[in-house]
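Okay, structure first, notes after.
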Number of protein chains: 2
Amino acid sequence: MDIREIAKRAKVSTATVSRTINRVPTVDPQLAKRVWKVVEELGYYPNTQARALVSGRTRIFGLIVSDMTNPFFPEIVQSFEDIAVEHGYEILLTSTVHDPKRMEGSVRRMIERRVEGVAILTFGMEESLLEGLRFRKVPLVFIDVGPPLPHVCNIRIDYQRGIRQAVQHLAALRHERIGFIAGPLHLPSAVTRKAAFESSLREIGMPIDPDLILQGDHTMEGGMRAYDELAKKSARPTAIMCSNDMTAIGVIREAYERGVSVPQELSVIGFDDIRLSRFFIPPITTIQMSQVEIARLAFKALVTEVERETPSSKGTEYVLNTDLVLRKSTAMAPQK
Amino acid sequence: MDIREIAKRAKVSTATVSRTINRVPTVDPQLAKRVWKVVEELGYYPNTQARALVSGRTRIFGLIVSDMTNPFFPEIVQSFEDIAVEHGYEILLTSTVHDPKRMEGSVRRMIERRVEGVAILTFGMEESLLEGLRFRKVPLVFIDVGPPLPHVCNIRIDYQRGIRQAVQHLAALRHERIGFIAGPLHLPSAVTRKAAFESSLREIGMPIDPDLILQGDHTMEGGMRAYDELAKKSARPTAIMCSNDMTAIGVIREAYERGVSVPQELSVIGFDDIRLSRFFIPPITTIQMSQVEIARLAFKALVTEVERETPSSKGTEYVLNTDLVLRKSTAMAPQK
DNA sequence: CAATACGCGGAAAACGTTTACCTTCGTGGG
DNA sequence: CCCACGAAGGTAAACGTTTTCCGCGTATTG
C-alpha cells in the first residue's frame with residue numbers, strides 16, 4: 001500500500017496525495033478531504049525511508065549516553081524523547097558503557113542512519129571518534145566538554161555555584177574535615193567538579209587536604225571502595241562530598257555496613273539529584289542539575305543548528321545552573 | 001558521496017560496489033580490494049534509508065517500555081541494545097508512561113519507520129492500539145500478556161516458582177502475618193503475581209487475610225502509601241511481599257520514617273531483582289527475574305519470527321523462571 | 001578443435017516518496 | 001473581446017541503494 005494506491009483510489013495524482021499529507025495549503029479542500037478519506041480507510045502510513053531519501057531529512061537525532069543503567073541518564077533520555085516526539089523527531093539511542101569500541105560503533109550507526117544531529121551526553125569522550133560526524137557537518141551538542149568548533153554546541157554547567165553552596169553548608173555545620181570523592185579524572189567534568197570543590201574550600205579559608213580527596217568512578221561500588229579507603233585513615237573526615245549521587249549512595253551503603261550512621265556521625269552530599277536520592281535512606285542532600293533542563297537545552301541546540309540556514313562559524317554555548325538541595329544526609333559535625 | 005562515486009573511482013559498476021560491501025562471495029578478491037580501498041579513502045558509509053527502501057528490510061526493532069525511569073527497564077533496554085547491535089539491528093525506543101495517547105503515537109511511529117518487529121515490555125497494554133501492527137503482520141513479542149495470535153510471541157514468566165520460594169522462606173522464619181502489596185490490578189501480570197501469592201499461602205495451609213493485601217502502583221510512592229496503610233492496622237503484618245522492587249523500597253523507606261527497623265521488626269521481599277536492590281539499605285531480599293534473559297528471549301523471538309520463511313500460524317511461547325535471592329531485608333519474625 | 005557450461009561483472013529496473021516544471025483553466029484588465 | 005497572468009493539479013525526474021537479467025570470456029568436455 002503506497003502513495004500510488006491512494007492516488008488511484010482518490011482519482012488524483014501522487015503529487016496531490018503527497019501535498020495533501022504534507023498539508024501544503026494550495027490544495028483544494030474538497031480534494032484534500034477526498035484524499036484523507038482514502039488514507040483513513042486504507043490505514044495508509046507514509047514510508048519514512050522513502051521520504052527521507054528524497055527530502056534529505058531523516059528527522060532523527062542521535063543520543064549517546066555512557067550508561068543507561070546509571071539512573072541519571074534515563075531521566076534525560078525520557079525528557080529528550082518527549083521533546084523530540086513533540087517536534088516530530090525520532091531518537092537513535094546508544095550507550096557506550098565507557099568502551100571506545102562501542103563508541104565507534106555508535107558513531108558509525110549514526111552516520112549510516114543519517115542522523116541530523118547528535119547529543120553527546122556522556123561526560124567525556126574520545127574526541128577522535130567524532131571526526132566522522134564533524135566531517136559530515138552533523139551538528140553536535142556536548143554536555144560540558146564541547147570543544148569550541150563550528151557546528152559544535154556546548155552546554156556548560158556551572159558546577160561552581162552548587163558546589164560552593166554545599167561547601168558552605170558543611171562549613172556552617174562545623175565540619176572541618178571534608179572528604180571529596182571525585183569521578184574518573186580522565187573525564188573533564190570530573191576534573192572541573194574537583195577543582196570547584198577545592199576553590200570553594202580556599203574561598204572560605206579552609207585547608208585542602210589531598211589525603212581526603214579520592215578518585216571514584218561514578219558508581220556505587222566506587223563509592224563503597226572510596227569510603228572504605230577513607231575510613232581506614234587515622235583522621236577520618238566528618239563529611240564527604242561526592243562527584244555524583246551513585247557514589248554518595250555507595251558511601252552511605254558502606255558506612256552502614258561499618259555501623260557508621262549517616263548523618264549523625266557522617267554527613268554525605270551527592271551530585272546530580274537523581275530521583276532516587278530523594279527516596280534513599282536517609283534522603284540524600286545533593287546538588288541539583290536538572291535532567292529535564294539538560295534534555296531541553298540539548299534538543300534546542302540541535303534544532304537551532306539544523307534549522308539555521310546560514311551556517312554558523314561557531315557553536316552556541318548554553319549554561320545550566322546547579323543548586324544545593326537540602327535533605328537528610330547532612331547534620332552538625334559530631335563533637336570531638 | 002554515494003555508491004556511484006565509489007564505482008567511478010574504483011572503475012567498476014555500482015553493482016560490484018554493492019556486492020563488495022555486502023560481501024557477496026562471487027566478487028573477485030582483486031576487485032573487492034580495489035573497492036574497499038576507495039571506500040576507506042573516501043570514508044563512505046552506505047545510506048541506510050536507500051538500502052531499506054529497495055531491500056524492504058529496515059533492520060529496526062521497536063521497543064515499547066512503560067517507563068524508562070523505573071530502573072527495571074533500562075537494564076532490559078541496555079541488554080536488548082547490546083544484542084540488537086551485535087546482530088546488526090537498530091532499536092527504536094519509546095516509553096508510554098502509561099498513557100494511551102503516547103502509546104498510540106508510539107505505534108504510529110513504529111509503523112512509519114517500518115520496524116520489522118516490536119517487543120512490548122510494558123506489563124499490560126491497550127490491545128486495540130496494536131491493531132495497526134497486527135494488521136501489517138509485524139511480529140510482536142509480549143512479556144507475559146501476549147494474546148495467542150499469529151505472529152505474536154509471548155514470554156511467559158513463571159511467577160509461581162519464585163513467589164512460592166519467598167512465601168516458604170517467610171513461613172520458615174515464623175512469620176504468620178504476611179502482607180502483600182500488589183501492582184495496579186488492571187495489569188494482568190500484577191493479577192498473576194497476587195494469585196501466585198495467594199495460592200502459595202494456601203499450599204502451606206496459611207490463611208489468606210484480605211486485609212493484608214493492598215494495591216500499589218509499582219512505584220516507591222505507592223509502596224510508601226501502602227505501608228502507611230498497613231501500619232495503621234491493629235494487627236500489623238510482620239512481613240511484606242511486594243509486587244516489585246520499587247514498591248519494596250518505598251515500604252522500607254516508609255518503615256524507616258516511622259522508626260520500624262527492617263529486618264528486625266519487619267521483613268520485606270521485593271520482586272524483579274533490579275541492581276539497586278543489592279545496594280539498598282538493607283540489601284533487599286527479592287525474587288529474581290533476569291533482565292538480561294528477558295532481553296535475550298525477546299530478541300530471539302523477534303529474529304526467529306522475522307527470519308522464518310514459512311509464516312507460522314501461532315506465535316512461539318517462551319518461559320522464564322523466577323527465583324528467590326536472599327539478602328538482608330528478611331529475618332526471623334519478632335517475638336510476640 | 002568445437003561446443004557447451006559456467007563464473008563474474010555491468011546495465012537498468014525497482015523501491016516509495018518529494019518536488020521542479022509544465023499544463024490547464026479561470027479571471028481580470030486593457 | 002482577447003490576452004496575460006495566477007492558481008492548482010499532473011507528469012516525471014530524482015534520491016541511493018539492491019537485485020534481476022544479460023553478455024562476455026574462459027574453462028571444460030566430447
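Chain letters run A, B, ... following the sequence lines, proteins first and then strands; every chain starts at 1.
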Rounded to the Å, how far apart are A/Lys8 NZ and C/dG16 P? 13 Å
Round to a whole Å and report the spacing from CG of A/Leu53 to P of D/dA13. 17 Å
May I have the distance from B/Asp2 (atom CG) to D/dC15 (atom P), rounded to whole angstrom? 8 Å
Within less than 4.0 Å of OP1 or OP2 of D/dC15, is there a side-chain N or O belonging to B/Asn47? no
Of all the nucleotides listed (D/dA12, D/dT18, D/dT17), which has the minimum atom distance to the side chain of A/Thr14? D/dA12
Say whether, by atom type as modelled, one donor and one acceptor occur between the side chain of A/Thr20 and the main chain of A/Thr16 under 3.5 angstrom. yes
Please report the distance, rounded to the nearest Å, between CD1 in B/Ile21 and P in C/dG9. 15 Å
Heavy-atom nearest pair, B/Ile3 first then B/Thr14, reads CD1-O, 3.8 Å
Can a side chain N or O of A/Tyr44 be found less than 4.0 Å away from OP1 or OP2 on C/dT17? yes
Residue pair A/Ser95 / B/Gln78: nearest heavy atoms and the distance that separates them: OG-OE1, 2.5 Å
Please name the pair of heavy atoms, one in B/Ile294 and one in B/Ile155, separated by the smallest distance, quoted to 0.1 Å. O-CD1, 3.9 Å
From CG of A/Asp28 across to C1' of D/dA7 the rounded distance in Å is 11 Å
Can you measure A/Asn22 atom CG to C/dT19 atom C1' for me and round it to whole angstrom units? 11 Å
The side chain of B/Val54 is closest to which nucleotide in this list: C/dC15, D/dA12, D/dC15? C/dC15
Among the nucleotides C/dA11, D/dT18, C/dT18, whichever has the atom closest to the side chain of B/Ile3 is D/dT18
Starting at OH of A/Tyr45 and ending at P of C/dT17, how long is that distance when rounded to a whole Å? 14 Å
Over 60° means perpendicular and under 30° means parallel, so classify the ring planes of B/Phe299 and B/His87, tilted if in between. tilted
To the side chain of B/Ser13, which of C/dC8, C/dA11, C/dT18 is closest? C/dA11
Contact class for A/Thr16 vs. all strands (heavy atom < 4.0 Å): base, sugar-phosphate, or nothing? sugar-phosphate
Within the structure shown, what part of the strands sits under 4.0 Å from A/Thr26 by heavy-atom distance: base, sugar-phosphate, or nothing? sugar-phosphate
Any N/O donor-acceptor pair, A/Arg19 side-chain to D/dG10 base, under 3.5 Å: yes
Rounded to whole angstrom units, what separation is found between the CD atom of A/Gln49 and the C1' atom of C/dC15? 11 Å
Residue-phosphate contact under 4.0 Å: A/Ser18 side-chain N/O, C/dT18 OP1/OP2: yes
Ranking D/dG10, D/dC15, D/dG9 by distance to the side chain of A/Val12, first place goes to D/dG10
